[in-house]
Each structure stands twice: as structure tokens, then as C-alpha cells.
Amino acid sequence: MNAQSSYIEANKKRMLNELLELLRIPSVSADPKYKNEVKRTAEWVATALTKVGVNYVEICPTEGHPIVYAEHITDPNAPTVLCYGHYDVQPPDPLELWESPPFEPVIKDEKIYARGAADDKGQFYMHIKAFEVMKNTTGIPCNIKFLIEGEEEVGSENLYRFVKNNAQKLKADIVLISDTHIIANDIPSIEYGLRGLSYMEVEVTGPNRDLHSGLFGGAVDNPINVLCTMIASLKDENNRITIPGFYDKVVDLSDEERAFINQAPFNHQEYCKALGIADTNGEKGYTVLEQTSIRPTLDVNGIWGGYTGEGAKTVLPSKAYAKISMRLVPNQDPDEISQLFEKHFISIAPKTVKVKVSYHHGGYPAVTPIDSVGFQAASKAMENTFGKKPIPTRGGGSIPIVALFERELGIKSVLMGFGLESDAIHSPNEHYGVFNYFKGIETIPLFHQYFADLSKDR
Ligand code: BES
Ligand code: MN
Ligand code: MN
């Protein structure tokens with residue numbers, strides 16, 4: 001066993017307990033009632049960075065939640081890796097579906113159950129522990145910066161500003177992020193694409209007050225019925241989105257690229273079985289792997305209005321609402337798409353209702369290179385620890401800041417995540433494998449070593 005593996009082995013229990021402590025702080029960024037807990041999490045992360053011996057650590061307040069920044073410069077001429085992650089988590093709702101409370105982590109069947117276990121506390125904390133491992137064994141082979149934010153799950157708006165205002169400080173040769181998936185614990189992979197996002201909210205108003213559905217029903221248009229009809233019309237029979245102009249900028253991939261994407265192992269039957277569905281139903285002409293990565297989507301995230309309490313109440317409601325999001329692919333622009341959506345949604349409303357459309361947050365799509373030194377370093381590191389070369393895959397989730405790192409700072413990212421699709425991120429009973437946590441801690445030091453070595457060769 002090498003020095004790093006023995007160090008991890010000897011400190012396993014403590015490294016696990018520290019993560020559990022971090023998971024106990026409910027850093028829900030979306031809900032203002034957790035503001036203080038979010039701040040406490042930032043302080044906890046800053047302390048953790050200081051404890052492992054990172055030279056410079058600071059908490060940067062923003063108009064929203066704080067950003068934790070740290071750097072360890074070993075040699076100004078050495079290459080620099082910027083490790084990005086997020087310490088905020090999604091709301092834990094629906095609470096009643098959790099088998100154990102979301103902020104009281106438990107380890108069951110070698111998995112850590114808690115909100116944020118995989119997304120992203122368990123994953124970014126691997127980078128802090130990997131630093132500790134290097135510091136106490138073979139040393140730090142390159143300059144390392146840490147940027148751990150508290151607003152990823154709500155669109156990273158304050159981080160956008162921070163990145164724009166701190167280009168010099170954040171200067172680096174590569175961004176390294178662990179906030180994505182591998183295919184399976186015995187099939188390592190590295191994502192090289194992220195989709196963008198436009199997130200909308202709509203309000204449909206009918207009569208000026210809630211009405212008795214017996215006295216008025218039949219004559220007065222019901223805003224919930226209207227909203228459902230409008231939403232249903234947003235996709236055609238081939239599951240293509242009907243918003244005019246929506247596909248105008250979508251890049252069509254070459255047959256070679258599509259074949260490359262479809263090389264990744266995928267079993268349709270197992271996929272459906274794992275989700276408890278009889279079949280998939282995506283855009284015609286594309287495989288599931290394509291539908292969930294290189295094609296844009298439109299989904300209703302929530303819909304409400306009228307009476308939703310116990311029992312029955314006969315009412316023809318005045319208002320209906322929905323939250324609707326669209327995943328975007330290169331070269332769709334979230335602002336443009338939001339405008340197209342708004343214009344179209346208003347245009348399809350019957351004159352019996354009034355429609356209001358508002359814009360929540362968005363993010364640009366990103367594709368990262370697979371022939372760069374950074375990707376090679378990640379690939380070699382994973383090959384070393386998994387015993388298998390990782391497969392490049394196009395991902396479907398979004399990490400809004402990735403596109404900005406490239407546009408604003410000119411820095412590319414490597415998405416070396418260790419989660420699994422089955423980790424239930426954003427869902428009840430989110431979990432992260434103990435295997436995956438330590439695999440990350442073992443692999444990240446190798447990334448830094450290979451990145452430093454390969455950069456010298458260039
Ligand atoms: N870590 C996820 C994104 C992700 C997960 C990418 C798995 C690839 C594989 C991230 O925390 C996330 O959930 N992002 C949000 C975007 C945000 C603007 C709310 C998303 O994708 O919904
Ligand atoms: Mn995440
Ligand atoms: Mn997330």
C-alpha cells in the first residue's frame with residue numbers, strides 16, 4: 001500500500017465523521033429561514049480548510065449567501081487547479097418520504113443518507129480531505145485554489161458577480177469539479193457536458209375571485225383547466241417543443257458524435273425498472289442517452305391552484321400557477337429562450353384569462369474538452385484507482401458557473417464526479433456511497449499529480 005492509501009485507511013473513521021458533521025447543518029439556500037444555517041456552513045467549511053493546512057482562507061460575503069475562497073500557492077510557476085463546489089443543498093421536501101431525517105445523517109448498507117450527501121457536500125468535501133492526504137504524505141504538487149459557494153442550487157447569481165470581479169484572484173489553469181456522476185462503481189466515467197437552464201413561473205388569472213363551481217361552472221373559464229391546456233400544447237406528438245424559434249440555435253451533432261455518445265453502456269429495460277415506469281417517452285428520433293444530454297427539454301416542476309386540502313371543496317378558482325423549466329443545449333441562450341417562452345405563452349392564452357410570466361434563474365450550457373491535459377489527468381487518475389479507463393459521457397444536469405468560468409476567465413473545467421444516478425439527489429433519501437466518498441479522496445491527489453506532470457510536458 002502506498003503512503004496515501006495508508007493515510008486514508010488510518011484516518012477513515014474521522015474523515016467519515018467529519019462529513020456527517022457537515023451534513024448536520026441544514027444549508028438550504030432557497031429558503032430564507034435557513035439563512036443563518038447557510039452562514040454557519042460557510043464558517044464550518046472555512047474552518048475545515050484552515051485545519052488541513054490551506055495557507056489562505058476567507059469567507060466572502062455577498063448579497064446572498066457567502067462564498068468560501070481559499071488558496072495554497074506552492075510555487076508561482078507551477079500550474080494552478082481551481083476546485084469548485086457548493087455547500088448549499090436543495091430543500092428536503094417532501095419530508096414525510098424520508099426514512100430518516102434529512103439533516104440527521106445515518107450510514108446504512110455502506111451509504112450515507114442525508115440531504116446534500118452526494119450533492120454536493122460529500123463530493124466537495126473529498127477535495128478538502130484529498131488536500132489533507134497530500135499535505136500529510138507526498139506533498140502538494142501544484143497550486144490549489146478552492147471556491148465553495150452557497151447558491152448553486154438557486155442559480156449562482158452572486159457567484160457570477162464574484163467571478164467577474166475577481167478574475168485575477170481566480171486565475172487558474174483548470175477548474176476541477178466533483179458534482180456529477182459516474183455510470184456505476186465498476187464503470188467509471190467523466191461527464192464532458194452540462195445542459196443550460198431557463199426557469200419560468202406562470203400565473204393564469206380567470207375571474208376576479210374564487211367562484212362556486214355549481215353556480216358558475218360551465219360558463220366561466222377555469223384557469224386551472226386553461227393552464228393545463230396551454231401546458232399540454234407546449235409539446236407536439238413527437239415530443240418536440242412547440243415554442244417558435246426554440247430549436248433555431250440548437251447544434252445538431254454529427255453522426256460520429258452521436259455514435260460516440262451512444263457507446264456508453266445503457267440498458268433500457270433496467271433503466272425503466274429502476275424508475276418503476278413501463279416505458280420512456282422522449283423526443284422522437286433520439287435515444288434516451290441523447291434525450292437526457294444533447295437535446296433540450298421542457299418540464300413542469302410544480303403546478304398549483306384551487307383547493308388542495310383534505311376532502312373536497314367545490315370551487316372554480318380565480319388563479320392557477322406553474323413552475324416550468326427548460327434544459328438547454330449548445331448554443332441556446334437562457335435569456336433568449338425565456339423571452340421566446342414568455343412571448344409564446346402569452347400568445348396562446350385565450351382571452352378569458354390573463355397571464356403573467358416571470359423568470360427565476362438560468363444558466364448557460366457547457367461542453368468541456370476531452371483532449372485537454374485536465375481531462376487526461378482525470379482519466380489517468382480514475383484509471384489508476386478504478387482499474388479501468390473512464391468513459392466520457394455527455395451529462396444532462398446543470399452547473400451554471402461552468403460556462404461563466406470559460407467565458408469570463410477563459411478556464412475550462414473537468415467534471416470528475418463520483419456520484420451515482422441512483423443517489424437520489426434532490427429527492428427524498430438522498431445518499432452517497434462510502435465507497436464513492438473514499439474513491440474520490442483517493443483519486444483527487446492523483447489528479448493533481450498527473451496534472452502537474454502532464455502540464456510540464458506541454
Ligand atoms: N450537481 C447538480 C447538477 C448535476 C448533477 C449535473 C448530476 C450532472 C449530474 C447541481 O447541484 C444541480 O442540481 N444543478 C441544478 C441547476 C440549478 C440552476 C438549480 C440543476 O441541474 O437542476
Ligand atoms: Mn450539485
Ligand atoms: Mn443540485
Side-chain angles (χ1 to χ4, degrees), residues 23 27-31 41 64-65 83-93 102 114-127 147-160 175-184 188-201 264 289 292-294 296-302 323-329 334-335 337-338 359-368 392-404 413-428 430-432 436 440:
L23 290 168
S27 49
V28 180
S29 50
D31 188 341
T41 314
H65 302 302
C83 300
Y84 163 82
H86 63 94
Y87 67 81
D88 66 321
V89 302
Q90 284 276 324
D93 313 74
R115 171 56 86 232
D119 185 12
D120 178 40
K121 284 174 170 173
Q123 295 215 62
F124 88 73
Y125 197 58
M126 300 183 310
H127 288 265
L147 183 66
I148 320 286
E149 69 151 321
E151 297 191 331
E152 195 275 343
E153 300 290 10
V154 291
S156 301
E157 258 176 53
N158 287 297
L159 185 64
Y160 273 58
V175 180
L176 179 64
I177 305 174
S178 297
D179 194 21
T180 51
H181 294 139
I182 51 174
I183 295 172
S189 58
I190 303 175
E191 289 187 20
Y192 66 94
L194 293 162
R195 286 192 284 193
L197 189 71
S198 283
Y199 202 116
M200 316 297 296
E201 186 160 329
L289 284 173
T292 54
S293 65
I294 58 162
T297 65
L298 182 148
D299 277 289
V300 180
N301 299 264
K323 291 182 193 281
I324 301 172
S325 68
M326 291 158 282
R327 295 278 167 183
L328 312 180
V329 299
D335 292 330
I337 293 293
S338 303
Y359 179 39
H360 274 288
H361 54 238
Y364 284 84
V367 177
T368 60
T393 58
R394 269 289 278 263
S398 309
I399 305 175
I401 204 65
V402 170
L404 198 83
S413 297
V414 174
L415 304 167
M416 192 171 73
F418 293 86
L420 294 174
E421 205 162 65
S422 55
D423 285 344
I425 64 171
H426 296 207
S427 303
E430 175 178 354
H431 54 274
Y432 191 42
N436 305 71

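Whatever order the structure lists ligands and atoms in, that order sets their numbers, starting from 1.
- Under a 4.0 Å heavy-atom criterion, R327 is in contact with ligand 1.
- For ligand 1 and I425, the ligand atoms under 4.0 Å from any heavy atom of the residue are 5 (C).
- The atoms of ligand 1 that sit less than 4.0 Å from any heavy atom of H181 are 7 (C), 9 (C).
- Near H86, the atoms of ligand 1 lying under 4.0 angstrom from a non-hydrogen atom of the residue are 11 (O).
- Atoms CD and OG1, from Q123 and T180 in turn, are 6.5 Å apart once rounded to the nearest 0.5 Å.
- Note that the CD1 atom of I177 and the CD1 atom of I401 stand 9.0 Å from one another [nearest 0.5 Å].
- The CG atom of L23 sits 10.0 Å away from atom OG1 of T41, with the distance rounded to the nearest 0.5 Å.
- For atom 4 (C) of ligand 1, the nearest non-hydrogen atom of the protein is D179 O, 3.6 Å.
- Ligand 1 is never approached by L415 to a heavy-atom distance shorter than 4.0 Å.
- Remark: the S27 side chain and the K121 side chain contain an N/O donor-acceptor pair separated by less than 3.5 Å.
- With sequence neighbours excluded, no residue satisfies ring-ring contact (aromatic ring centres under 6.0 Å, His included) with H426.
- Among G417, S398, S325, the residue whose heavy atom lies closest to atom 3 (C) of ligand 1 is S398.
- Between atom CG of residue L298 and atom CD1 of residue I337 there is a gap of 10.5 Å, rounded to the nearest 0.5 Å.
- Within a 6.0 Å sphere centred on CD of E201, heavy atoms belonging to other residues, nucleotides or ligands number more than 12.
- Between the side chain of N436 and the backbone N or O of F418, at least one donor-acceptor pair lies under 3.5 Å.
- Ligand 1 lies within reach of L197, whose nearest heavy atom is under 4.0 Å from it.
- Under 2.8 Å from the Mn ion (ligand 2), one finds the following protein N/O/S atoms: H86 NE2, D119 OD1, D179 OD1, D179 OD2.
- In this structure, S178 contributes its side chain and M416 its backbone to a donor-acceptor pair below 3.5 Å.
- At a heavy-atom distance under 4.0 Å, only side-chain atoms of H426, from C-beta outward, approach ligand 1.
- Taking every heavy atom of both residues into account, S325 and N301 meet most closely at OG-ND2, 3.0 Å.
- Assignment of E191 to the shell around ligand 1 is supported, since a heavy atom sits closer than 4.0 Å.
- Remark: Y84 engages F405 in a ring-ring contact (aromatic ring centres under 6.0 Å, His included) (not counting sequence neighbours).
- With sequence neighbours left out, Y125 forms a ring-ring contact (aromatic ring centres under 6.0 Å, His included) with W44.
- Taking atom 19 (C) of ligand 1 as the reference point, the nearest protein heavy-atom neighbour is E153 O, 3.4 Å.
- With a 4.0 Å heavy-atom cut-off, ligand 1 is reached by the backbone of T180 and by its side chain too.
- Numbered from 1 in the order shown, with element, the atoms of ligand 1 that lie under 4.0 Å from a heavy atom of P400 read 18 (C).
- Looking only at protein heavy atoms, the nearest one to atom 6 (C) of ligand 1 is G397 CA, 3.6 Å.
- Annotation for A30 and P91: closest pair CB-CG, 4.2 Å, computed over non-hydrogen atoms.
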